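The block underneath contains the structure these notes are about, expressed in structure tokens.
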There are 2 protein chains.
Amino acid sequence: MKIIASQFTPASIDCNECPIKHRAVCAYCEKSEMALLEAMKSYKTYAAGDPIIFAGDKMAFVGSVVFGVARLSQTMEDGRKQMVGLLLPSDFVGRPGRAYSAFDVEATTEVTLCRFERKPFEKLLRDIPNLRERMLEMALDELDAAREWMLLLGRKTAREKIASLLTIIARRQNILPDAAKNEVSFDLSLTREAMSEYLGLTLETVSRQINALRKDGVIKLEKKRHVIVNDFARLLEETGDDADGGFLA
Amino acid sequence: MKIIASQFTPASIDCNECPIKHRAVCAYCEKSEMALLEAMKSYKTYAAGDPIIFAGDKMAFVGSVVFGVARLSQTMEDGRKQMVGLLLPSDFVGRPGRAYSAFDVEATTEVTLCRFERKPFEKLLRDIPNLRERMLEMALDELDAAREWMLLLGRKTAREKIASLLTIIARRQNILPDAAKNEVSFDLSLTREAMSEYLGLTLETVSRQINALRKDGVIKLEKKRHVIVNDFARLLEETGDDADGGFLA
DNA sequence: CAAAAAAATTGACTTAGATCAAGGTCACAT
DNA sequence: ATGTGACCTTGATCTAAGTCAATTTTTTTG
């Protein structure tokens, strides 16, 4: 499997020794715990749609996404399903100290995880202060994201939800609008159904609202999954968020 | 101000030196940083309904709730409002490293905060490994709570939302049902409006659903804000959650 | 390439919860 | 005790999004 640099977020720390550049790993390198880490590390690739772990299953591993998109979700007995985390490269999977998964984790596209056995990882977490610091940073970032997501789920209209999801995906792929052109284009790596699970809607409503935004000239579509936004500011207006919004510095 | 022990969650660590027992403080005591801490610490009490900080305001302090109930919320330009955090005694307020608040914080009942200046607190966070560990634990717990909340907001019916909120409040007040009696009773320290902000509903719907649960014999009401649950298992069924649910070990 | 499967769209109809509009209760301050 | 304002309830009506049911488009695969 070939891994190309552009798939990693700019938050990645550059690390010469480490063949795979992603945040959780490189944070330790500073402490030259490489040997230990290298011994623990293993990679596993899952096909699109495959389950990675089910809620209640034993969590032998923690790790992080190095390639692809995964999702964290919760399912009710009658089948109602809510996504509660969208995992892109550099995102962490699992909770140190927790033996059984609280959520379902599924591969949305093909996904490669860099995995560590949980027990030795927890020891490292105790021994390496930098790693703990990094984990805290990541947990707090996720908490902020979860809280914005709660506003979306509790108070936004279907159209605002779709517009918000599009801006979230665009931002997370670091396709910032070119200040001059103000135009962006990106792939939705989610099916309409996955979007509906993210947004707390039905897939029919997702389809209708995407097409409404298209008819209103806010977005263009190519092959159903590729979005072109001519006027990013216009899309931002459709999210219902504050004009300055989401700077969370 | 007199503070009585029963107002603190059992998660509190006992600490002889510290006059106020709450988790964030006592974690440091282990490292005998008491002198430094004592110098930094200040208490402030807010009346019910008072704003503690507005989104975008400068955050000079971080701290934790020692008494009362506060809430974290987000407001859209047109006034739609979503609660994103319910802060009970021992809960942390603010994010180390962040200069401006991302959310509104308001006192729901009368609230006392134990506050630390942010900058020196951040230094402590760098110097005291235990404190960082404690903060990580707390952030991960909040993240789990946020994810359950997302399921509630995205997929539950109004009746399930109310039943869920009641069980959440009962649990957070540690009013576990007596195994023999299976009956609990507790105070809702939230108005119908605050409940609607928590649940992503209108206050009319909250009122109707609370009264529907009452008519159906799931709960009894005393003075509008005091709830008596004769059969806690029955209430749990009404939440829509798995029978075993929410053990998140 | 054709057939089958998967994903997406579109239409007709229903419904849970929102909205709008009175009233009723309760705490407490004069 | 009584009046004022905050809080809550209840009813009538509306509507955004859900549900059910085809149909079309895209992708996969034999």
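Chain letters run A, B, ... following the sequence lines, proteins first, then strands; residues in each count from 1. Here the structure is a predicted model, which means the values were calculated and not measured.
- Only A/Leu203, A/Glu204, A/Ser207, A/Arg208, A/Asn211, listed by number, bring a heavy atom of residues 195-213 of chain A to less than 4.0 angstrom from any atom of DNA chain C.
- A salt bridge is defined here as a Lys NZ or Arg NE, NH1 or NH2 lying under 4.0 Å from an Asp or Glu carboxylate O, and A/Lys220 with A/Glu183 fails to meet this definition.
- Checking D/dT9, D/dA17, C/dG17 against every side-chain atom of B/Arg192, the shortest atom distance belongs to D/dT9.
- Using a cutoff of 4.0 Å between basic side-chain nitrogens and carboxylate oxygens, B/Arg234 and B/Glu238 are scored as salt-bridged.
- Rounding to whole angstrom units, CZ of residue B/Arg159 and C1' of C/dT15 are separated by 17 Å.
- Rounding to the nearest 0.5 angstrom, the gap separating the CG atom in A/Leu188 from the CD1 atom in A/Ile210 is 6.0 Å.
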Expected string for nucleotides 22-30 of chain C under the B/S/- scheme (protein heavy atoms, under 4.0 Å, primed atoms plus P, OP1, OP2 as sugar-phosphate) is -----S---

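- B/Arg225 comes within 4.0 angstrom of sugar-phosphate atoms only, judged by non-hydrogen atoms across all strands, and of no base.
- Looking only at side-chain heavy atoms (C-beta outward), B/Tyr198 and B/Ile168 come within less than 4.5 Å of each other.
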Using the rule given for side chain to side chain donor-acceptor pair (under 3.5 Å), can you reason through A/Thr75 versus A/Asp104, listing the C-alpha separation, both sets of side-chain angles and the distance that settles it, and then say yes or no? CA-CA 8 Å; A/Thr75 309; A/Asp104 296 320; 3.2 Å; yes

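- Atoms CG and CG, from A/Leu86 and A/Leu190 in turn, are 6.0 Å apart once rounded to the nearest 0.5 Å.
- Projected onto DNA chain C by closest heavy-atom contact, A/Leu190 and A/Arg155 fall at different nucleotides, the more 5' of which corresponds to A/Leu190.
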Start with the C-alpha distance between A/Arg71 and A/Glu197, add both sets of side-chain angles, then the distance that settles salt bridge (charged side-chain N to carboxylate O under 4.0 Å, His left out), and finish with yes or no. CA-CA 10 Å; A/Arg71 63 198 204 261; A/Glu197 287 169 10; 3.3 Å; yes

